[in-house]
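Contents: one structure, followed by commentary.
Bear in mind the structure is a predicted one, so any value in this text is a computation, not a measurement.
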Amino acid sequence: MTTFTLRFTSTPRGARLARRLASHQMDAWGWAYGTPVHDTVELIVAEPAANAVTHGRVPGRDAELRLIEENGQVRVEVSDTRGERLPAVQDAGGEEDGGRGLVLVAALAKEWGVTSRAHAPGKTVWAVVRQ
């Protein structure tokens, strides 16, 4: 099992950095840019990272990205400090600007969910991607 962990600022710039560094780490682990697993992980990281800085932001508190690679699968975890604001899959209307991100996560991941953080306030949104 190999783990990559990154604390990032609860800002749009921090969320972009999390996505880019996840992409770089996937390449370092042998899933090259443009491969299905690489691109799926990159897309999945982008959604909860953006949600963490938009809906889970607490001033002065960082968010955290964790990638866990084991036995041909990658578990993506994004944690923030707003445990009372749980994400939910919504059926966004055709004219809505947002609301489709978790629908994409649910479609792309083998499984996904939300858990409370064990040793800190907040929640963790996780998803598993398999080869």
Any chance you could measure N51, atom CG, to D80, atom CG, to the nearest 0.5 Å?
-> 9.0 Å
Output for pair (F8 CZ, E64 CD), nearest 0.5 Å, gives 9.0 Å
Residue from Y33, W31, W29 passing ring-ring contact (aromatic ring centres under 6.0 Å, His included) with H38 = Y33
Honestly curious: do W126 and V37 fall in one hydrophobic cluster under the side-chain, below-4.5 Å linking rule?
-> no
Nearest heavy-atom approach of A63 to A52 is CB-CB, 4.3 Å
Hey, quick one: are V128 and L43 part of the same hydrophobic cluster, counting side-chain heavy atoms closer than 4.5 Å, chains of contacts allowed?
-> no
Partners passing side chain to side chain contact (heavy atoms under 4.5 Å, CB included) against A32 (at least two apart in sequence or in another chain) | D27, T35
Quick one: which of V76, L104, V125, V78 gives a side chain to side chain contact (heavy atoms under 4.5 Å, CB included) with I44?
-> V76
Sole candidate of T3, V129, V41 that passes side chain to side chain contact (heavy atoms under 4.5 Å, CB included) when paired with L67 | V41
List, one per line, each side-chain donor-acceptor pair under 3.5 Å for residues 109-121, sequence neighbours excluded.
{"from": "R117", "atom 1": "NH1", "to": "P121", "atom 2": "O", "distance (Å)": "3.3"}

Would you please name every residue forming a salt bridge (charged side-chain N to carboxylate O under 4.0 Å, His left out) with E84, sequence neighbours left out?
-> R82
Shortest non-hydrogen contact from R19 to A46?
-> CD-CB, 3.6 Å
List for me each residue that meets salt bridge (charged side-chain N to carboxylate O under 4.0 Å, His left out) alongside E69, sequence neighbours excluded, and say none if there are none.
-> none
Would V45 and L6 show up in the same hydrophobic cluster when neighbours are defined by side-chain heavy atoms closer than 4.5 Å?
-> yes
Tell me, please, which residues at least two apart from R20 pass salt bridge (charged side-chain N to carboxylate O under 4.0 Å, His left out).
-> none
Among all residues two or more places apart in sequence or in another chain, which pass the side-chain hydrogen bond (donor to acceptor under 3.5 Å, both in side chains) test with R130?
-> Q73
So how far is it from L21 CG to E42 CD, rounded to the nearest 0.5 Å?
-> 11.0 Å
